[in-house]
4 protein chains.
Amino acid sequence: MTDITHTRQRRKEARPGEIIEAALILFHQKGYSATKLDDVARAAGVTKGTVYLYFSNKEALFKAAISETIHPNLDRIEELAINSTESATQRLRTAIASWATALNDCKGSISKLMISEAGNFPDLTDFYIETVVKRSRLLLIKLIQAGIDSGEFRQTDPDMLARVLFSPILLTSIWRHTYARQDPITYDLNQLAQFHLDIVLHGIAIAPEHTL
Amino acid sequence: MTDITHTRQRRKEARPGEIIEAALILFHQKGYSATKLDDVARAAGVTKGTVYLYFSNKEALFKAAISETIHPNLDRIEELAINSTESATQRLRTAIASWATALNDCKGSISKLMISEAGNFPDLTDFYIETVVKRSRLLLIKLIQAGIDSGEFRQTDPDMLARVLFSPILLTSIWRHTYARQDPITYDLNQLAQFHLDIVLHGIAIAPEHTL
Amino acid sequence: MTDITHTRQRRKEARPGEIIEAALILFHQKGYSATKLDDVARAAGVTKGTVYLYFSNKEALFKAAISETIHPNLDRIEELAINSTESATQRLRTAIASWATALNDCKGSISKLMISEAGNFPDLTDFYIETVVKRSRLLLIKLIQAGIDSGEFRQTDPDMLARVLFSPILLTSIWRHTYARQDPITYDLNQLAQFHLDIVLHGIAIAPEHTL
Amino acid sequence: MTDITHTRQRRKEARPGEIIEAALILFHQKGYSATKLDDVARAAGVTKGTVYLYFSNKEALFKAAISETIHPNLDRIEELAINSTESATQRLRTAIASWATALNDCKGSISKLMISEAGNFPDLTDFYIETVVKRSRLLLIKLIQAGIDSGEFRQTDPDMLARVLFSPILLTSIWRHTYARQDPITYDLNQLAQFHLDIVLHGIAIAPEHTL
DNA sequence: AATGAATGAGTGTTCATTCAT
DNA sequence: AATGAATGAACACTCATTCAT
């Protein structure tokens, strides 16, 4: 008798979110084309017609699923740049830990989905690259530059280093979302990130490498 | 007249390869589902019927495209493990350079494709993970372990380090194949790989990091 | 407050008529199938559900729209036959003028609609043919026959003449409702009808036509 | 064993015509919206997919059906204007007889279809009005003007008369195609047309009508 | 070996109809 | 009486697959 089990429920506010959630999972699992709207509807506990009540077509649903999932995360990223009293090293640790956490949730799905469908949704891809990718990378670059300026880090190419630092957590996140069955990854994403950061900061070579 | 017959005869044997080549490009650009056999056929310069002469169906074509492209690269990778006279550091450099080269070509496509379609082709994914991913990673782990054993590298987790070392080139390769338009990457893949390796070997921290 | 209640109360009784009016316009503009109940509802200022409050389904609404519009005109037509003191010629003029007036309003829509949808609504078509078409034609035939009997008209086929006399105003009415944009008709319908009647009564041939 | 009964026949040349023929009949019977492509296909002896082999979509099929049917008739109409040695009266008879014949065939369907769907296909309607309607009317106007100039006809409005002369055959043709079941018309179209023309030429009033 | 006309199952989308509020 | 969220059957359109030539 709880209002959850009603056949024809009236909950306009909740519906779009529920549909987006279901859609995101299926798009992630099967890809955009291979996902049938019937399946999305069933997974969301509605019928196909209801999906069209909230999204004008499949493409709009896909874009909404991406955008809606991205937006809440955008602000969280910016916050990281503000903790300015600590050392660059420490802020770098914090930033990467935050990303690792974010990628553990939904954002791993998004990253994978965008890789799969970028070619088919150019404008959505533009939006994603500008608002998520470049923004994140810029923040990382700033932190690295700050470390160089403060003398914490050796002189190096901040852009290249930013890419390098980001790669393991992003790729591993995608990997985990993709090959969970075939190649399970036992590491925690944050653990891996800090391991990498430690190595990048210290290096692993024991002997001075004049021989190279 | 002879010229035409020649062309035809040459083509006759080349057909499957031409179709696979065309298919790989399109699968990569648009994804498996969004790629029409009509387009593959047109791109290969044949008709749809001809595709079915060589591949029993779309799935078989996809699997062939993946497998055929993987195989030639597998052996090349193995060779690297044999040059054992050099230092572990040097062999690591060489191995990573080889991968960077391989990923510049077609293998970037494969990596991206597998990420997109792993969920829809479990057995193909098994094959890919076993023959490509794990094999490559194992080789990398061995080289790292050799470096540790020889005293060239500090004591560390070889598996984690292998993943970390592979991530930038693999992700950047995928990235370049995916976001060429929106986020062009100017670095040469090998350049990036060596940059990363240098940092991993040396570290970037100037001051001793007791404070961490 | 009273004003609003007033409006509502007035509306409550007027609802079916408002819906029919909106429906007739849309059916006429787009045809039965191409007209959506959503559009009818919106045009009538209500919601889709309200339409179903008054009409059991779309077909019923269509039939009601046709029938309701026809009925008020039926009686007016019959009145014409009663003014029997005048000459047949004069009664013919009056009758045709009445029809021209009637066709200027809504009946032109009906005629066009019936032509479009006759095949899909056989019973409605039966009703229309019996109550409107045949009844009108019969009246016309009677007037013509009266004219022949009174020596006002030459001996001729009254049925054929009735059809001929009706055609220009009916077709022009339909035409105007259909091709208003592409082929605007400047004539007043009654003007055209009387022009035709004049010609039919007078003949246009000046020379004696033995040669025919 | 005749090539008619083969399941998968190879007759690319005949197909479009067969499909158009089937489509025209169904569009005419049920209207555009109410006609299902499945039915068109079945009526043409093919499957739905085959329809799309020749027509990009339903609208294109509709337009093709209209256009293809109109075109062959266009030239026939023009020929009529050339027989210039005869009297205007005679040429008028011939022209109207030709139209009556043409309307007996397919053109009656077209006229009805255009009335039903004009609102939904503005550009097709433009084409129809310009190439068929106005062209025909202009020819009729010219013949009437010729008769006036030669003294065969009384001074009158040629445009109005053209419309009046055309109405009975056009409306009756539409009528017959629409209400064949409910209101069968026994007259031959040409018979009706000549009856009308006779009346128009002679007039039916015996007594001089000064009183009007 | 190669073609390309034909197929038909499958899917996105629409819309008349229902019903809880 | 009126709403409008939800439904689901129906239909336009696609495309992998087949097969006669």
Side-chain angles (χ1 to χ4, degrees), chain A residues 3 6-15 33-41 44-61, chain B residues 8-9 11-13 15 33-41 45-61, chain C residues 8-9 11-13 15 33-41 45-61, chain D residues 3 6-15 33-41 44-61:
Chain A
D3 51 8
H6 280 173
T7 312
R8 289 199 170 195
Q9 299 147 45
R10 210 65 52 82
R11 35 178 180 160
K12 195 182 182 183
E13 297 81 33
R15 282 276 184 259
S33 293
T35 297
K36 304 170 208 167
L37 277 189
D38 254 326
D39 294 340
V40 173
V46 295
T47 55
K48 215 167 20 167
T50 305
V51 176
Y52 280 88
L53 229 52
Y54 300 102
F55 305 96
S56 54
N57 51 36
K58 192 182 178 185
E59 186 170 340
L61 172 61
Chain B
R8 280 213 172 175
Q9 225 126 24
R11 270 207 178 158
K12 205 176 281 187
E13 290 140 25
R15 280 270 191 272
S33 292
T35 297
K36 304 170 204 169
L37 279 192
D38 250 329
D39 294 340
V40 173
V46 297
T47 57
K48 228 179 350 178
T50 306
V51 177
Y52 279 86
L53 227 54
Y54 298 103
F55 306 94
S56 56
N57 54 32
K58 192 183 178 184
E59 189 169 338
L61 173 60
Chain C
R8 281 213 171 176
Q9 226 127 22
R11 270 208 178 157
K12 206 175 280 187
E13 291 140 25
R15 279 269 192 273
S33 292
T35 297
K36 303 171 206 169
L37 279 192
D38 250 328
D39 294 340
V40 172
V46 297
T47 57
K48 227 178 351 178
T50 307
V51 176
Y52 279 86
L53 229 52
Y54 298 104
F55 306 94
S56 56
N57 53 32
K58 192 183 179 185
E59 189 170 339
L61 173 60
Chain D
D3 51 10
H6 279 172
T7 312
R8 289 200 172 193
Q9 297 148 47
R10 211 63 55 82
R11 36 178 179 161
K12 196 181 182 183
E13 297 82 31
R15 281 278 185 259
S33 293
T35 298
K36 303 170 210 167
L37 276 190
D38 255 326
D39 294 340
V40 172
V46 296
T47 56
K48 212 168 22 168
T50 305
V51 176
Y52 281 88
L53 229 50
Y54 299 102
F55 306 95
S56 54
N57 52 35
K58 193 183 177 184
E59 187 170 340
L61 173 60

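Every heavy atom of this structure was used, including side-chain atoms; hydrogens, water molecules and symmetry mates were not.
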**Request:** Please report the shortest heavy-atom distance between A:Tyr52 and A:Lys58, naming the atom on each side.
**Result:** OH-N, 4.5 Å
**Asked** Hey, does the side chain of C:Thr47 come within less than 4.0 Å of F:dT3's phosphate (OP1/OP2), counting only N and O?
**Response** yes
**Prompt:** Separation of A:Asp38 atom CG from E:dA9 atom C1', in whole Å?
**Reply:** 14 Å
**Student check: side-chain heavy atoms of A:Leu37 and A:Leu61 closer than 4.5 Å** = yes
**Request:** Nearest whole angstrom, please: distance from the P of F:dG4 to the CG of C:Leu53.
**Result:** 14 Å
**Contact nearer the 5' end of DNA chain E, comparing B:Val46 with D:Val51** = B:Val46
**Atom-pair distance (OH on B:Tyr52; C1' on E:dG4), nearest Å** = 14 Å
**Prompt:** Looking only at side-chain N and O atoms, does D:Tyr54 come under 4.0 Å of OP1 or OP2 in E:dA6?
**Reply:** yes
**D:Arg15 vs E:dA5: side-chain N/O to OP1/OP2 distance below 4.0 Å** = no
**Prompt:** Which residue, B:Ser33 or D:Glu59, contacts DNA chain F at a nucleotide closer to its 5' end, judged by nearest heavy atom?
**Reply:** D:Glu59
**Request:** Output all residues satisfying salt bridge (charged side-chain N to carboxylate O under 4.0 Å, His left out) with B:Lys48, sequence neighbours left out; order by chain, then residue number.
**Result:** B:Asp38
**Item:** Length of the line joining A:Asp39:CG and E:dT13:C1', which is rounded to integer Å
**Value:** 16 Å
**Complete:** Across all chains, not counting sequence neighbours, the side chain to side chain contact (heavy atoms under 4.5 Å, CB included) partners of D:Thr35 are D:Leu26, D:Phe27, D:Lys30, D:Val40
**Request:** Quick one: the dot-bracket string of DNA chain F, using Watson-Crick and G-U wobble pairs with both distances under 3.5 Å, [ ] for crossing pairs and | for bases paired to another strand.
**Result:** .||||||||||||||||||||
**Message:** Holding to side-chain hydrogen bond (donor to acceptor under 3.5 Å, both in side chains), I want the full list of residues that pass it with B:Asn57, two or more places apart in sequence or in another chain.
**Reply:** none
**Complete:** With sequence neighbours left out, the residues meeting side-chain hydrogen bond (donor to acceptor under 3.5 Å, both in side chains) with B:Thr50 are B:Thr47
Polar atom pairs between nucleotides 9-11 of chain F and protein, under 3.5 Å, N or O only, would you list them?
{"residue": "F:dC11", "atom": "OP1", "partner": "D:Lys36", "partner atom": "NZ", "Å": "3.3"}

**Message:** Could you tell me how far apart B:Asn57 (CG) and F:dT18 (P) are, to the nearest whole angstrom?
**Reply:** 8 Å
